[in-house]
**Q** 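Okay, handing you the structure first.
Quantities reported herein were computed from a predicted structural model and do not represent experimental measurements. Both counts, for ligands and for their atoms, begin at 1 and track the order of listing.
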Amino acid sequence: MSSAVSTAFEHTRVPYGEDGRLVRGIIARCGAPSCEAAVPLPVNLMANGRGMDDNIEWQFVARKLEAKGWRIGKSAAAHRCPKCFNAAKFAAMRKSEEKPMPKVEVPPPPQVALQIVKDHGKAMTREDRRIIFEKLNEVYIDGKVGYGRGWTDEKVATDLGVPRAWVKLLREENFGDEVGNEEIHEQIAEAKAALTEMRKLEPDMRRLLAIADKVEKSLAEIQKVLK
Ligand SMILES: [Zn+2]
């Protein structure tokens, strides 16, 4: 018969009715530290000879007292009078308001992946990789020459409709530098050739400039005479 539940209340005789006669009942005491609040409750269902099931008694008391604003716990220390119960509720509420939302730390993705996400907000699928790889295989000559004529990361990306960063990533992983571009090599060669041609003209240019100087002086002489 005696269990944790049966010790939740003080079993005693409590006043009942208008005449205040004492009947069997319980007293529940507030379990908050330094609170002396207590409430009596007649529990006259006990008089059936074999006592009352502890759990049924607890449920009966809890229902009755909670209707009066009490919080009834499973042990004596857990009961709270309406005043203490409200104070605890407010404190809990204030605490949950003050508590900042827990920050979820998302580990930053590697630089390249971050760039891809920034550019297009989606990740490269295996199919994307396959398509880009095949295209690079077709238009990229080798690490020394780089892209074939007219091809760049940008052109491949536009051609396939994929982010440029994906093309760059796969090219760097599997092929070589973008700047090893065949066209750029040709342009450099052309510029060097043009420079050589211009250097060759230098003596002729000097000669022509010397003639120009002479012609200019002659013109000045003629103009003086004609004045
Ligand atoms: Zn209290």
Side-chain angles (χ1 to χ4, degrees), residues 1-129 161-166 168-170 172-173:
M1 264 297 281
S2 78
S3 71
V5 172
S6 68
T7 59
F9 312 111
E10 195 180 313
H11 291 85
T12 181
R13 297 181 80 79
V14 297
Y16 177 74
E18 282 177 13
D19 57 356
R21 71 196 158 89
L22 293 175
V23 296
R24 256 193 273 232
I26 59 98
I27 290 176
R29 296 187 186 280
C30 178
S34 74
C35 180
E36 311 223 305
V39 61
L41 183 74
V43 185
N44 53 14
L45 300 169
M46 296 163 84
N48 63 2
R50 57 179 172 88
M52 197 180 180
D53 179 272
D54 285 344
N55 214 29
I56 291 171
E57 183 199 76
W58 183 88
Q59 283 173 9
F60 172 81
V61 174
R63 196 169 60 243
K64 288 274 182 189
L65 294 184
E66 285 182 353
K68 295 179 177 181
W70 278 69
R71 169 83 179 87
I72 299 304
K74 287 289 180 187
S75 70
H79 306 323
R80 289 294 179 274
C81 70
K83 209 177 116 194
C84 293
F85 183 41
N86 280 332
K89 270 196 294 189
F90 276 120
M93 235 157 57
R94 203 170 311 131
K95 208 175 172 187
S96 77
E97 276 166 12
E98 279 168 5
K99 214 187 326 181
M101 289 297 285
K103 261 190 198 163
V104 180
E105 291 289 342
V106 179
Q111 199 53 46
V112 173
L114 187 68
Q115 192 57 46
I116 290 166
V117 168
K118 258 197 264 171
D119 286 352
H120 290 266
K122 58 171 183 161
M124 186 168 18
T125 64
R126 187 172 298 192
E127 182 65 4
D128 291 327
R129 292 183 85 92
V162 298
R164 186 180 166 173
W166 293 4
K168 182 175 187 288
L169 179 70
L170 286 180
E172 283 174 349
E173 273 178 8

**Q** I need the protein N, O or S atoms closer than 2.8 Å to the Zn ion (ligand 1), given as residue plus atom name.
**A** C30 SG, C35 SG, C81 SG, C84 SG
**Q** Determine, step by step, whether V61 and K64 satisfy the side chain to side chain contact (heavy atoms under 4.5 Å, CB included) criterion, reporting the C-alpha distance in whole Å, the side-chain angles of both residues, the deciding distance to 0.1 Å, and the verdict.
**A** CA-CA 5 Å; V61 174; K64 288 274 182 189; 5.9 Å; no
**Q** Between R80 and A77, is there a donor-acceptor pair closer than 3.5 Å when you use the side chain of the first and the backbone of the second?
**A** yes
**Q** Please confirm whether the backbone N or O of A8 pairs with a side-chain atom of H79, one donor and one acceptor, at under 3.5 Å?
**A** yes
**Q** Can you give me the closest heavy-atom contact between I27 and A38, atom names plus distance?
**A** CG2-CB, 4.0 Å
**Q** Any donor-acceptor pair under 3.5 Å linking the side chain of W70 with the backbone of R29?
**A** no
**Q** Donor-acceptor pairs are to be reported for all side-chain atoms of residues 82-93 against protein atoms at under 3.5 Å, with residues two or more places apart or in another chain.
**A**
{"from": "N86", "atom 1": "ND2", "to": "P82", "atom 2": "O", "distance (Å)": "3.3"}

